[in-house]
Peer 1: 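For reference, the structure I am asking about is given below.
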Amino acid sequence: MSNHAGFILAAYGVSFIALAILIGWIFVDQRTQRQALQELELRGVRRRSEAKTDGAS
Amino acid sequence: MSETVSKTARWIDWANPTRFMTFAAAFLPWLGGLTTLVLAVGFWMSMQAPDDYQQGATVKIMFIHVPFAWLSMMCYTIMTLAALGTLVWRHPLADVSAKAAAPIGAVFTALALVTGSLWGKPMWGTWWVWDARLTSVFVLFLMYLGIIALTRAIDDPAKSAKATAILTLVGFINIPIIKFSVDWWNTLHQPASVLRMGGSTIDPSLLWPLLVMAIGFTLLFFTLHMQAMRNEIWRRRVVAMRRVAARSAERRTVQ
Amino acid sequence: MRLIAENLAGERGGDLLFEGLDFTVPSGEALLVTGPNGAGKSTLLRIIAGLLAKAAGQVRLEQISGGFESLTAASHYLGHLNAMKPVLSVEENLRFWGSFNGQGKLSIADALERVGLGDIGYLPFGYLSTGQKRRASIARLLVSNRPVWLLDEPTAGLDKASERQFAALMQDHLRGGGIIVAATHLPLGLGNTRELALGAAA
Amino acid sequence: MRLIAENLAGERGGDLLFEGLDFTVPSGEALLVTGPNGAGKSTLLRIIAGLLAKAAGQVRLEQISGGFESLTAASHYLGHLNAMKPVLSVEENLRFWGSFNGQGKLSIADALERVGLGDIGYLPFGYLSTGQKRRASIARLLVSNRPVWLLDEPTAGLDKASERQFAALMQDHLRGGGIIVAATHLPLGLGNTRELALGAAA
Amino acid sequence: MGALFIRDIRLGLRAGGGVLIGILFFLAVITVVPFGVGPDLKLLARIGAAMLWIGALLATLLGLDRLFQADRDDGSLDLLIMASERHMLALTVLIKCLAHWTVSVLPLVVASPLLGLFMNMEPAAIGATTLTLLVGTPAITLIGAVGAAVAVSLPRGGLLVSVIILPLTVPVLIFGVSASYGAVEDPAPFLAPFLILAAITLFFAVLGPLAAAAALKSSAD
Amino acid sequence: MGALFIRDIRLGLRAGGGVLIGILFFLAVITVVPFGVGPDLKLLARIGAAMLWIGALLATLLGLDRLFQADRDDGSLDLLIMASERHMLALTVLIKCLAHWTVSVLPLVVASPLLGLFMNMEPAAIGATTLTLLVGTPAITLIGAVGAAVAVSLPRGGLLVSVIILPLTVPVLIFGVSASYGAVEDPAPFLAPFLILAAITLFFAVLGPLAAAAALKSSAD
Ligand code: HEM
Ligand SMILES: Nc1ncnc2c1ncn2[C@@H]1O[C@H](COP(=O)(O)OP(=O)(O)OP(=O)(O)O)[C@@H](O)[C@H]1O
Ligand SMILES: Nc1ncnc2c1ncn2[C@@H]1O[C@H](COP(=O)(O)OP(=O)(O)OP(=O)(O)O)[C@@H](O)[C@H]1O
Ligand SMILES: [Mg+2]
Ligand SMILES: [Mg+2]
């Protein structure tokens, strides 16, 4: 039954690649946001109030 | 009455974004580790699983196809609950949750479609048929993409929240309607008859790997979702702080 | 009748523009909202009109006369945009708003006369000059009867004569027991006005 | 350089609004076009800009410096509409007009600084308040270098401080040998100006 | 309310190219299908009803995105929202939908018998299709209103609106087509799907305006 | 010029939600078809090319009427016309058309092979349809641009002219679809209609912008 190996490999391969991209994107996003946040805090910008800023979402 | 109010208030208080962030920071590493472990075991088990007498080795696709299909529906359900959260309780985390879930759900749905197609070609001899289940998953995929597009098109979160929530809710009505009406439509024109393995009679040697994989992918979903929610909250803080910065700077130049 | 704001706060895109505003405008008086560009004058008017959610506090109309149910229902809003269709004639536009908003006071011909457009009501609105467009929108305030007028830079584009004409119209409205809240950079030429100065762009 | 109009006439929808206009604006001076609503001020500016056909006469630029080929090519036109896209940021809008119109003079950041919008260039244009929008459009005049500025009610919606700022910008432009033709109901606060009063609404 | 209806009809006739462009698109759809399926008249007759329905569905989308956008751009939407105590906003939406349907979709319905002839359909099928179009297309407009309201603040919401609403219009299409077939093919019933179609239209006549009104209210800024 | 292209692309992407929307729209349109005609794979394969073309036509027409209107409404059009000594107006029109095509139509062309698979089309037919779409759809945009320009210049009479111009898109559609079929069905030729299609596009690439520019120049008021 190895004549279907191509399909199985393709299915697992596509899934692996897609999930890897998704995970990678989420981690890159995390680093971007964290860096931006740190940079702003270094410049001395403060949120007006935590609850307010988050509440405005 | 007053008791329910205070109860809701307490619950909302618990789930405020700051607490969520603290909780997520502590919890995420463990969740991530567990996910890796379960997925590794599941993968090993599915490699060991015997071939099906009818479907041959292609049954291995089931171990990923079925969890993806389940997760695609679970994710939409979570988004629907979040939409209710936005519209009814106006909870600030609800919109964050919905927005973070949409891309993840879209990926899982796309993978269910792709792995299903890759299974269908050797089993049915065609990549695609317009049968009830396939079509409704495809429409689900379209709705995910539509919701993502809408959240991206309106950049003010306060405004996009409600629009997206309305769309998600209206879309949820759509899923049963489509499933139901596609049956209608299939009885009218003779559909290409579709082979389908009986869901109930799965051999334990196939069932166990499937269950472990399903749990693993569900854990993966929650890990990613929590992390994406964290990112989204950070993103909103960054935007808010940039605005504050800009405004105080403008005050300086004007005066 | 009194327009009352208590501890009112307004925000835009997560930024608080003003907060803790308290004011009362009794019937027959006008409130002039002033302040630099971006101070939040238009935001305040839109909040009073009920078009924008308030960030905190409240604003309401007390002792409403004339059978209106709420502040929004009792208000005319004249924003930057004229809310008229360029392809319809001035008269058609006014006739529509007159019957949609109801409570007619002046006939369309009279209203046009009052803003000095008596002869060109048949022209498509899109053909008018800037100032004429503004005057046609002012005529919209006259064809339906509303006690509260919310005016956002109403005199932008008006020439001196029309400004005086419009000041007279506002005086009439106040004398009839109306209330006016106007955001403006220019003096409006009214007598009994209070002023609310919003801060620098905050 | 001199802007010269000879026996100029303008019409709208078959009506002659003005005729026999003669004027000369030498380099370094401003012409103020005044008159009641509907007198044809905007029409005159659009004719000078080459956007509207003249009914008779002619208008031209003599001794053009800077390599421009015609009056139209040498002119900046600031109409009632801001010619900016609400969904693009202020900077993106200006960058587009800067590279489309070419002949850069100020950088975008400098131009925004000059109109007091230095820090909010990243905001979508649609988010700005009326006066801020107008100031952003004024910045458009600064990013490309054109000797002739045709301004239609340029200060509509500006607060007092921005009006002064804008007057200073216009003075600079004139000092650099530019020409300004402005239609307005309000004094612009310029020194060396000529005035052209168009008749009553015809 | 009547005033709003008249205004919107006037606007549609005077300014928006909706009517004619819609019909034109409808014609284009019907013209190219025979190229696809070949000169097989039987086959054409069979898919005729489906094609008329698909054409009408797509033509309805043209211009639907401007349903509220135009009013927002000139400030009318603010006043319509402010008047919501006098005229319930959902009712205002309903009237606007009706006007849009009258101007842009009704002409298609009227033209459909002619196109049915081109597709070699039987008279009974033509009648049934026209009837289902008449009853079913308002549902599409009403569903579309929700999409248009959600996307109102987007300057170019056109495509987005269609994407949002097309999955929702699927049931309408299915029942419309099956009712049309039911009228000619024997085993298939006509009345059941037709009644369901009418029910869908009535359902969305209530739900669509309510959802659209909610979206519009939250869009004001 | 590059700046104009980039601006228009940005506008298209930002406002409507991106390329994604284009593809998504097409997917949604094509999904609707099997619901109408039924899941018969053979029939779907036969009408596949026609459906892809109809979807593309619809996507091109959506928003095309706003091509110049949007610029006119915010005053940009005046400045574009005034700059005509620096940038020939016809070129400006061409660039705007290109940007519109790139944002709203190109994604569909790219997605069409996938949809061909869904419609169960043969590989040769898929390739031919994609190719004809790539070559033919610009013509539709260019023809539409003339209509849009005329509509801007004559706010009332414009409609009539657009309706005279838009039927010109029908030949494009017909040659596009027949070339697609020519690639798979034996008696029908592929090359002849394909070349005619290419010729139409080239012809309108010259004539369209010139005509539109002339209309725009006379439009300013
Ligand atoms: C693109 C094609 C396909 C799609 C979109 C798709 C979609 C789905 C969905 C949504 C489910 C979950 C159903 C539920 O739990 O209610 C599912 C389950 C399943 N699918 Fe697929 N499928 C596809 C192709 C296939 C093929 C080709 C096979 C096998 C020949 C297959 C076998 C299964 C099995 C065995 C299950 C689990 C059994 C069950 O829970 O009922 N699928 N699929
Ligand atoms: N839709 C919006 N989204 C986000 N921010 C906005 C929006 N509209 C306005 N703002 C911001 O809110 C602030 C106040 O705007 P507003 O229009 O109320 O000012 P204003 O006092 O009326 O100014 P002007 O005198 O220029 O009319 C401005 O800084 C502006 O940038
Ligand atoms: N597109 C048009 N078609 C026909 N007539 C028009 C058009 N635009 C303006 N008019 C008419 O031309 C006359 C002059 O208009 P114009 O805009 O030049 O006046 P203006 O002096 O700028 O007035 P304002 O001070 O109000 O801006 C007006 O009476 C107006 O009705
Ligand atoms: Mg304002
Ligand atoms: Mg003027």
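By convention in this document, chain letters (A, B, ...) are assigned in the order of the sequence lines, proteins followed by strands, and residues within each chain are numbered from 1. All values below come from the heavy atoms of this structure, side chains included, with hydrogens, waters and symmetry mates left out.
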Peer 1: Which region of Val107(B), side chain (C-beta onward) or backbone (N, CA, C, O), has a non-hydrogen atom less than 4.5 Å from a non-hydrogen atom of chain A, or is it both or neither?
Peer 2: side chain

Peer 1: Looking only at heavy atoms, which two atoms of Ile64(B) and Ser15(A) are closest? And how far apart?
Peer 2: CD1-OG, 3.5 Å

Peer 1: Using 0.5 Å steps for rounding, measure from the CZ atom of Arg34(A) to the CZ atom of Arg230(B).
Peer 2: 5.5 Å

Peer 1: Please round to the nearest 0.5 Å and tell me the distance separating atom CG of Leu9(A) and atom NZ of Lys60(B).
Peer 2: 11.0 Å

Peer 1: How close do Leu40(A) and Val238(B) get, counting heavy atoms only, and between which atoms?
Peer 2: CD1-O, 3.8 Å

Peer 1: Could you tell me the separation between the CD1 atom of Ile23(A) and the CG atom of Leu220(B), rounded to the nearest 0.5 Å?
Peer 2: 5.0 Å

Peer 1: If I compare all heavy atoms of Leu118(B) with all of Ala10(A), which pair ends up nearest, and what's the gap?
Peer 2: CD1-C, 3.8 Å

Peer 1: Quick check for you: to the nearest 0.5 Å, what is the distance between Trp234(B) atom CH2 and Arg31(A) atom CZ?
Peer 2: 12.5 Å

Peer 1: Work out which heavy atom in Ile26(A) is nearest to a heavy atom in Asn231(B); give both atom names and the distance.
Peer 2: O-ND2, 3.0 Å

Peer 1: Just how far is it from atom CZ of Phe108(B) to atom CG of Leu22(A), taken to the nearest 0.5 Å?
Peer 2: 7.0 Å

Peer 1: Which answer fits Leu224(B), side chain, backbone, both or neither, if we ask what part of it has an atom under 4.5 Å from a heavy atom of chain A?
Peer 2: both

Peer 1: Heavy-atom distance under 4.5 Å between the side chains of Ser46(B) and Tyr12(A), does that happen here?
Peer 2: yes

Peer 1: Evaluate the side-chain proximity of Asp29(A) to Arg235(B): yes if any heavy-atom separation is below 4.5 Å, no if none is.
Peer 2: yes

Peer 1: Compare every heavy atom of Leu37(A) with every heavy atom of Met241(B), then report the nearest pair and how far apart it is.
Peer 2: SD-CD1, 3.9 Å

